[in-house]
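Data first, discussion second: the structure below is written as structure tokens.
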Amino acid sequence: MNPTVHTYDAVIVGAGGAGLTAALYASRNVRVAVISKLYPTRSHTGAAQGGIGAALGNVSEDRWEWHAYDTVKGSDYLADQDAVDVLCQEAVDTVIELEHMGLPFDRLPNGRISQRRFGGHTNNETGRPVERACHAADRTGHMILQTLYQQCLKHNVTFFDEYHVVDLIRVGDTIRGVVAVNVATGEFHIFHSKAVMFATGGWGRCWEVTSNAHSLTGDGAAICLRRGVPLQDMEFFQFHPTGIFKLGILITEGVRGEGGVLINNEGERFMEKYAPHIKDLASRDVVSRAIFLEVQAGRGINGRRYVHLDVRPETVNRYFEKEGESRRIDAAYIESKLPDIADFTRTYLGVDPVKEPMPVQPTAHYAMGGIPTDVDGRVVVDPQRTVLPGLYAAGEVACVSVHGANRLGTNSLTDLVVFGRRSGVNMADFCQQSDLLPLPDGAADEVIAEFERLRAGRGDISPYSLREQMQTLMTAKVGVFRVEEPMREAIAELRALRDQYRAGLELDDQGRVFNTDLMEAWELGCLLELAEVTATSAVARQESRGAHAREDFPKRNDEEWLKHTLCYKEGDDYRLDYKPVVIGRYEPKERVY
Ligand SMILES: Cc1cc2nc3c(=O)[nH]c(=O)nc-3n(C[C@H](O)[C@H](O)[C@H](O)COP(=O)(O)OP(=O)(O)OC[C@H]3O[C@@H](n4cnc5c(N)ncnc54)[C@H](O)[C@@H]3O)c2cc1C
């Protein structure tokens, strides 16, 4: 059967914070369809806990320039500083705009938005932590997502829920739309448009222990890669220091922002050794490595692969007192500021954080790399930053790059709304100035054939077991610490997994209706490809920077490596290229904590 064709000016793939913000703006001027494989409010943005960063200065003095400096320093100087300025300057009015849309932020007694501390956010003059994370308890992302979705409904944005986008229609250097599967029926649909934006989120599912939802399989990045777009800085993947032991479920940095501390088996607050100034609130790469080293040295709790995160009031108050801070907390305060966290640990671990410390280990969390864009969300395809007209990306799938080699906590939610808005506005302008180009013949044929191949597969390995093998090897060989030889082995093993994937999988369900087995098999293809791109980019970068820690090259090397990686897919191989970093006010210097 021929696919059903829908025509819009612009198509936005993804209904998380980035997609919804862009939709809200673009739909003011042009006809927009938002396509989402999940019901919109199930998007991972809804799981974000701790806060959204903006230098409002509601609790203590703050300036957007300090936010910018912290972001650049946190990025280990790989962020493009022109883009960071946009992020931090526009953060302030986008947060206020969210408030005006009705987002129920926590409040201070004077009625202003409440802000708390988060890793790496400082007063640049004193070096002390500054309260910059605007939050709604520990459900900030949930509130953002609900608020944006309500606004989209109010403004009559058109949604195609549970439509899974599987291909981009590109002819030369023009964009003609996307191909999607209606999950309920298995039918193919073509969305014919002048512009396409990907806002499909991250790919933490490449690793074994992750904070990411099951759906975070990097579809948008993989689709663009297959259609000739390079992926940028893929070696930089953030491991958040505090995932629930074994499960990976995130315990927000807000716990440490409220005074929580990390403790090893000897009862020592070990971050005092690794980051004497900012301690437990050092950036995530630093804290994750510290936990890893403590565990490696045998100081994990009971010799196992975790440490304790302690937010019991008596512990927190003891450290406040030691550091000369006047504030004190009690159990009721923890319950009100961290209700979801308390709920998670009670439910999943039987641990009550008010009475006991929580077992935590680093968890794969956030993709700093992704589809390269400029500050208006336009996809740029080479070291000269040439724009591919009509193609946009925003949110976690994009690499603007504001996070460089390591993202600061709260900066992703800021990124979604700041660059979501800019992309939406620019995309609407583009559509108003462009004609709808015709669809090529058989636009969906290639991907339909791939689906038939997957469905017909009678291989002897299940997608589940293949995925597990990939996750285990990525964790062991392309994880928190990296070394050349194991990474080379990882690349070879990933190739072998890719061959097995091509040879055919064993699928339980060969039907069409709600065949999630089939959709997950297709998603696995995306994960395998992104894992290979990550390993290929990582083995080439012979230095340590941000989240990319090489045991064989422990130092940052600005002379050779102060540059962004671009990875292109060419046939079955990957080719690397590099582009310069935009430096502004802040010359690279050593990070001191
Ligand atoms: C547990 C957790 C806590 C976090 N806490 C914070 C925090 O406190 N502060 C902060 O700044 N950041 C936080 N982050 C990071 C931040 O939440 C994410 O980076 C961000 O929400 C990603 O938003 P997004 O709009 O890019 O994509 P997502 O919200 O992940 O949405 C992706 C969308 O794309 C759709 N999609 C994907 N593939 C397809 C496809 N093939 N076809 C159709 N649709 C598709 C999905 O249906 C979904 O709607 C947290 C992340 C996690 C996992």
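Keep in mind that the numbers below use all heavy atoms, side chains included, and drop hydrogens, waters and symmetry copies. All values reported here derive from a predicted model rather than from experimental measurement. Start at 1 and go down the list; that is how both ligands and their atoms are numbered. Count residues from 1 along the sequence.
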Could you tell me if [Y] and [X] have a donor-acceptor pair between their side chains, going purely by distance under 3.5 Å?
X      : Y      : value
His164 : Asp219 : yes
His67  : Asn411 : yes
Asn406 : Gln238 : yes
Ser211 : His365 : yes

Results of ring-ring contact (aromatic ring centres under 6.0 Å, His included) for Tyr366 - residues two or more places apart only: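 Tyr366: ring-ring contact (aromatic ring centres under 6.0 Å, His included) contacts with His403.
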Charged tip of Arg107 within 45° of Phe105 ring normal and under 6.0 Å: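 Ring-cation test returns no.
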Contact residues of ligand 1, where a non-hydrogen atom lies under 4.0 Å away: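 Those residues closer than 4.0 Å to ligand 1 by some heavy atom are Val13, Gly14, Ala15, Gly16, Gly17, Ala18, Ile35, Ser36, Lys37, Leu38, Ser43, His44, Thr45, Ala47, Ala48, Gln49, Gly50, Gly51, Tyr163, His164, Val165, Ala199, Thr200, Gly201, Ser211, Asn212, Leu216, Asp219, Leu250, His365, Tyr366, Gly395, Glu396, Arg407, Thr410, Asn411, Ser412, Leu413, Leu416.
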